Participant: 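First the structure, which I've put down as structure tokens, then a few questions once you've had a look.
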Amino acid sequence: MTTFTKDLLAWFQEHGRKNLPWQSSPPNIYHVWLSEIMLQQTQVAVVVDYFNNFVIKFPTLAELANAEEEKVLTSWAGLGYYSRARNLHKSAKIILSEYQGIFPTDYSELIGLPGVGKSTAGAILSLACNQSRPILDGNVKRVLSRYHRVTGHYSDSKVLKELWQLAKYHTPSKHNASYTQAIMDLGATTCAPRNPLCSKCPVSRNCKAYLCNDQASFPHKKTRSIRPEKSLAFLAYRNEKDEIYLLKRPNKGIWGGLWSFAECEDNDAAISAAIKKHNLKASIVSYLPKFKHNFTHYRLWIRPIIINSPGLAKDYHNINKLTLGVPAPVKKIISALDSLGCVESNE
Ligand code: SF4
């Protein structure tokens with residue numbers, strides 16, 4: 001066992017997180033898997049409530065597998081990266097049909113499930129089955145980059161390979177569940193992205209970045225590329241019954257499978273043409289302030305436009321009884337619409 005691992009395990013006994021809702025004795029692999037998928041791009045503090053609500057709606061893997069995709073996406077709405085929810089649902093169906101509902105604990109089988117990569121498979125098997133498997137999530141990359149002063153950003157395959165080697169090197173052959181939780185906890189609570197708490201860190205005595213006093217330089221930054229920006233008008237059509245028009249988005253692309261407003265290019269000609277095409281009797285009521293939504297590869301500027309659209313009912317939904325999965329920016333606009341009250345008909 002390396003000194004790093006010994007120091008970390010000793011620290012975990014006293015400081016590790018042991019009361020997260022997906023931690024139980026014995027571990028429930030379904031809960032561990034759900035939490036690991038939710039944690040892929042989201043912090044623990046946000047995941048806790050989503051996890052608790054999710055397991056109330058889908059207490060077992062079979063209930064998740066047999067649920068409508070719409071219900072799964074609705075329960076995920078707000079967490080972002082919706083492909084995670086679709087992959088979770090697909091995986092549950094695969095486990096039910098191909099593994100008789102028994103969660104696979106073989107690494108090669110687990111990694112074959114949609115949405116389960118090397119690090120997620122390692123985390124699930126370590127935490128739920130105490131198998132000796134390395135993990136390399138964002139927290140671990142940061143800890144190891146600092147501890148070993150790894151040069152270069154991990155988007156470079158050589159750097160990533162080096163980090164995986166280091167992750168394997170430190171992974172113990174026993175106490176693996178504790179070690180895995182410990183290294184994740186260290187990254188989340190102590191070796192934070194900004195202002196790491198090195199004076200309280202259990203591995204500081206051998207941390208190269210700490211000893212060189214250049215922790216802030218690690219992990220090395222990726223050479224920045226400027227994120228492109230796009231602009232769209234979101235057309236919030238409301239009929240005289242205070243219902244809003246929502247469309248189901250295609251499964252591929254942003255917010256796949258979720259429900260959203262009609263949209264068009266953000267210019268007067270395109271907006272006017274789209275409104276006419278939708279309903280000749282429609283008229284603009286007001287423009288809400290434009291706001292920005294960040295995707296990994298670009299920024300989207302959204303201009304919400306409230307439109308009075310009398311006489312139509314098809315695909316219009318009551319906003320007070322909405323059970324559809326909608327992405328966060330759409331939810332935000334719906335809340336604003338709600339506070340504005342009902343729009344009167346032009347007729
Ligand atoms: S000593 Fe500081 S930089 Fe090094 S691992 Fe600990 S918290 Fe991170």
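Values in this document were obtained by computation on a predicted structure and should not be read as measured data. When a ligand or atom number is given, it counts from 1 through the structure's own listing order.
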Participant: Would you check if the side chain of His89 reaches a backbone N or O of Ala67 as a donor-acceptor pair within less than 3.5 Å?
Facilitator: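 Side chain of His89 to backbone of Ala67, a donor-acceptor pair under 3.5 Å: yes, one is there.
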Participant: Tell me whether atom 2 (Fe) of ligand 1 has Cys198 as a neighbour, meaning an N, O or S atom of it below 2.8 Å.
Facilitator: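 Short answer: yes, at least one N, O or S atom is under the cut-off.
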Participant: Heavy atoms only: which of Leu8, Leu197, Asn195, Val203 lies closest to atom 5 (S) of ligand 1?
Facilitator: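 That would be Val203.
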Participant: With heavy-atom distances below 4.0 Å as the criterion, list the atoms of ligand 1 near Ser204.
Facilitator: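 So the atoms of ligand 1 that pass are 1 (S).
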Participant: Would you say that Trp11 contacts Thr190 through its side chain, given a criterion of any heavy-atom pair below 4.5 Å between the two side chains?
Facilitator: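 SC-SC contact between Trp11 and Thr190 confirmed.
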Participant: Relative to the heavy atoms of Tyr210, which atoms of ligand 1 are at a distance of less than 4.0 Å?
Facilitator: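 In order of number, 1 (S).
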Participant: Kindly state whether the ring of Trp301 and the ring of Phe291 have centres lying under 6.0 angstrom apart.
Facilitator: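 No, they do not, as the ring centres are separated by 6.0 Å or more.
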Participant: Can you sort out which atoms of ligand 1 are near Arg146, meaning under 4.0 Å from one of its heavy atoms?
Facilitator: 3 (S)
Participant: Whether Glu263 and Arg249 form a salt bridge (side-chain N of Lys/Arg under 4.0 Å from carboxylate O of Asp/Glu) is what I want to check.
Facilitator: yes
Participant: Looking only at protein heavy atoms, which one is nearest to atom 6 (Fe) of ligand 1, and how far off is it?
Facilitator: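 Its nearest protein heavy-atom neighbour is Cys201 SG, 2.3 Å.
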Participant: For atom 4 (Fe) of ligand 1, what is the closest protein heavy atom, and at what distance to 0.1 Å?
Facilitator: Cys207 SG, 2.3 Å
Participant: Check whether the side chains of Ser283 and Asn308 place a donor and an acceptor atom closer than 3.5 Å, and report yes or no.
Facilitator: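 No - no donor-acceptor pair under 3.5 Å links their side chains.
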Participant: Flag Cys191 as yes if one of its N/O/S atoms falls below 2.8 Å of atom 8 (Fe) of ligand 1, otherwise no.
Facilitator: yes
Participant: Are side-chain N/O atoms of Tyr50 and Thr42 paired as donor and acceptor at under 3.5 Å?
Facilitator: no
